[in-house]
Protein chains: 2
Amino acid sequence: MGNVGRWQPDSRGRLQEAALVLFAERGFDQTTAAEIAARAGLTERTFFRHFADKREVLFGGSDLLKDRIVSGVSGAPASDGPLDAVARGLDAAAAMLGQFRRDLSRKRQAVISANPELRERELAKIADYAAAVAAVLRDRDVGEPQATIAAEAGMTLLRVALERWGSAYDDRDLTTTMRDTITELRAVAVAVDG
Amino acid sequence: MGNVGRWQPDSRGRLQEAALVLFAERGFDQTTAAEIAARAGLTERTFFRHFADKREVLFGGSDLLKDRIVSGVSGAPASDGPLDAVARGLDAAAAMLGQFRRDLSRKRQAVISANPELRERELAKIADYAAAVAAVLRDRDVGEPQATIAAEAGMTLLRVALERWGSAYDDRDLTTTMRDTITELRAVAVAVDG
DNA sequence: GAGAGTGATGTCTGCAACTGTCATCACAGC
DNA sequence: GCTGTGATGACAGTTGCAGACATCACTCTC
């Protein structure tokens, strides 16, 4: 497994690191895949062996996060309503994401926010989570359209909470922000008068 | 304005039509911009003058729809709560989208659903609506994070409702489906027990 | 009504994002 | 030592897209 000898180890990680640095310095558009690869001591072709496209280099742990969310939801007690179950998934997400250094998260988020193509990709990733969560809810005998609605609304909250957390105005725990965001949705959904 | 003489009229429309046909026939990836242009009696370069990139050709009326939604929200009575106001925007969207021939909508939606890049773009468009709606809500003195949450949740509902409406299992009015979807969200948000 | 825009188009050129294919070479197992 | 395997490099090719410039019907102006 670990290619310890012929090549430098962890090509993938080096590419991710190099990409983040270069994107932050010059911007996504002004950085070519070849430049990232060169900075990591590799070739362009190797870059595209590790990442399906240039954007993916910023979304490395995405599948892992999805698994955590799905586990969180499927592990919710049967007595939980759909949105409660989704909230467990969000807790799991917060626990995982909260362990990264906040400045790095912010840097990454800043790069993504600065570029439309990257924002697109982020939305697509989260939509993928939503589909997976909806499937889990259906396994828990939540019907349609409730399953889809709860899952999509929940992933929307993940996005909003992450944005709040990443902003300069929110220095709370990610878990706290996440839970607060859910509460806000419940309030907004019920409110009838302004 | 109308270039009636030297060139065939409505280049833009012809490109959109040609693209939809070719995408439906061979798929998005297997269709080059040059082929679309040729089918419309134009050149590749002209294609990219009308559309910023290959995907945009499928999202022609997007800005118009955004305007309708925004107008709907800003026209809501002051007594409306945030989600009620957003619901007016969704009604406006339904009114506009419902006037297209349903089979054409389905064809377009099928093309988009079949391709990840196009789904990405669709998500990005809707995220753009959400940002605009949130801004309108803030103008209506809805605070943060309520404005963002209501707007994002609302646009999520737009997406879900459109998908339901496009599916074979829902033959109701788009407005009906849209309203029903909002009701479902309210129910899901309140429910505490499964 | 001739001459100067103007706007939509075509042509030509070039870069960068990917992709397919084949070669290489350290290491692993036999 | 021989052979397989996996990660990489080298090279060539297609396509998405953008800049620069030419064209030419139509319009506006004097």
Side-chain angles (χ1 to χ4, degrees), chain A residues 1-20 22-23 25-60 111-112 114-122 124, chain B residues 1-20 22-23 25-60 111-112 114-122 124:
Chain A
M1 248 249 300
N3 17 325
V4 190
R6 182 170 182 197
W7 303 285
Q8 297 292 317
D10 196 21
S11 300
R12 195 183 164 87
R14 270 154 48 219
L15 286 167
Q16 290 173 327
E17 234 180 283
L20 185 57
L22 292 179
F23 290 165
E25 273 177 12
R26 325 180 191 169
F28 180 78
D29 291 329
Q30 315 318 317
T31 307
T32 71
E35 288 166 346
I36 299 169
R39 187 178 224 271
L42 296 164
T43 64
E44 186 193 21
R45 191 66 185 86
T46 298
F47 178 96
F48 285 110
R49 282 202 187 91
H50 283 282
F51 303 102
D53 61 57
K54 197 177 130 188
R55 306 177 215 175
E56 277 292 309
V57 72
L58 279 178
F59 298 90
V111 168
I112 293 174
N115 187 282
E117 303 176 58
L118 292 173
R119 268 185 277 124
E120 265 190 41
R121 177 56 51 84
E122 191 184 30
Chain B
M1 252 251 297
N3 19 324
V4 189
R6 184 172 180 196
W7 302 284
Q8 297 292 319
D10 193 22
S11 301
R12 194 182 166 85
R14 270 156 44 222
L15 285 168
Q16 291 173 328
E17 234 179 284
L20 185 57
L22 291 180
F23 290 165
E25 273 178 10
R26 325 179 191 170
F28 180 79
D29 291 329
Q30 316 317 319
T31 307
T32 71
E35 288 167 346
I36 299 169
R39 187 179 225 270
L42 297 164
T43 64
E44 184 193 24
R45 191 71 187 85
T46 297
F47 177 95
F48 286 110
R49 282 202 187 89
H50 284 280
F51 303 101
D53 60 56
K54 199 177 127 186
R55 307 176 213 175
E56 278 293 310
V57 72
L58 278 176
F59 297 90
V111 169
I112 293 175
N115 187 282
E117 303 176 56
L118 292 173
R119 269 185 276 126
E120 264 189 45
R121 178 56 51 84
E122 191 183 32

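Every chain is numbered from 1 and lettered A, B, ... according to where its sequence line falls, protein lines coming before strand lines.
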Is the phosphate of D:dT8 approached by A:Thr43 (side-chain N or O, under 4.0 Å from OP1 or OP2)? no
Picking from C:dT11, C:dA17, C:dT19, which would you name as closest to the side chain of A:Arg45? C:dT19
Interatomic distance, A:Leu15 CG vs D:dA7 P [rounded to whole Å]: 14 Å
Per the atom types in the model, does the base of D:dG9 pair as donor or acceptor with the side chain of A:Arg49 at under 3.5 Å? yes
DNA chain C: A:Ala33 or B:Leu42, which has the more 5' nearest nucleotide? B:Leu42
For the CD1 atom of B:Ile36 and the OG1 atom of B:Thr46, what is their distance to the nearest 0.5 Å? 13.0 Å
From CD of B:Glu44 across to P of C:dT13 the rounded distance in Å is 15 Å
In whole angstroms, the gap separating C1' of C:dC25 from CZ of A:Arg6 amounts to 3 Å
Salt bridge or not for A:Arg39 and A:Glu17, using N-O below 4.0 Å? no
Take atom CZ of A:Phe51 and atom P of C:dA17, then tell me their distance rounded to the nearest Å. 15 Å
Give a yes/no on whether any side-chain N or O of B:His50 is located under 4.0 angstrom from OP1 or OP2 of C:dT9. yes
Which residue in the set B:Asp53, B:Asp29, B:Ile112 passes side-chain contact (heavy atoms from CB on, under 4.5 Å) when paired with B:Glu117? B:Asp29
With a 4.0 Å cut-off on heavy atoms, is A:Ala34 in touch with a base, just the backbone sugar-phosphate, or nothing at all? nothing
How many angstroms lie between NZ in A:Lys54 and CD in A:Glu44, if you round to the nearest 0.5 Å? 10.5 Å
Would B:Leu15 and B:Phe51 count as a side chain to side chain contact (heavy atoms under 4.5 Å, CB included) here? Give the steps. CA-CA 9 Å; B:Leu15 285 168; B:Phe51 303 101; 3.8 Å; yes
Could you tell me the separation between the CG atom of B:Leu22 and the P atom of D:dT15, rounded to a whole number of Å? 14 Å
Whole-Å distance, B:Phe23 CZ to D:dG16 C1', equals 12 Å
Send over the distance from A:Arg121 CZ to C:dA17 P, rounded to a whole Å. 14 Å
Roughly how many Å is it from NZ in A:Lys54 to P in D:dG16, rounded to a whole number? 17 Å
Counting just side-chain N and O atoms, does B:Thr32 come under 4.0 Å of either OP1 or OP2 of D:dT14? no
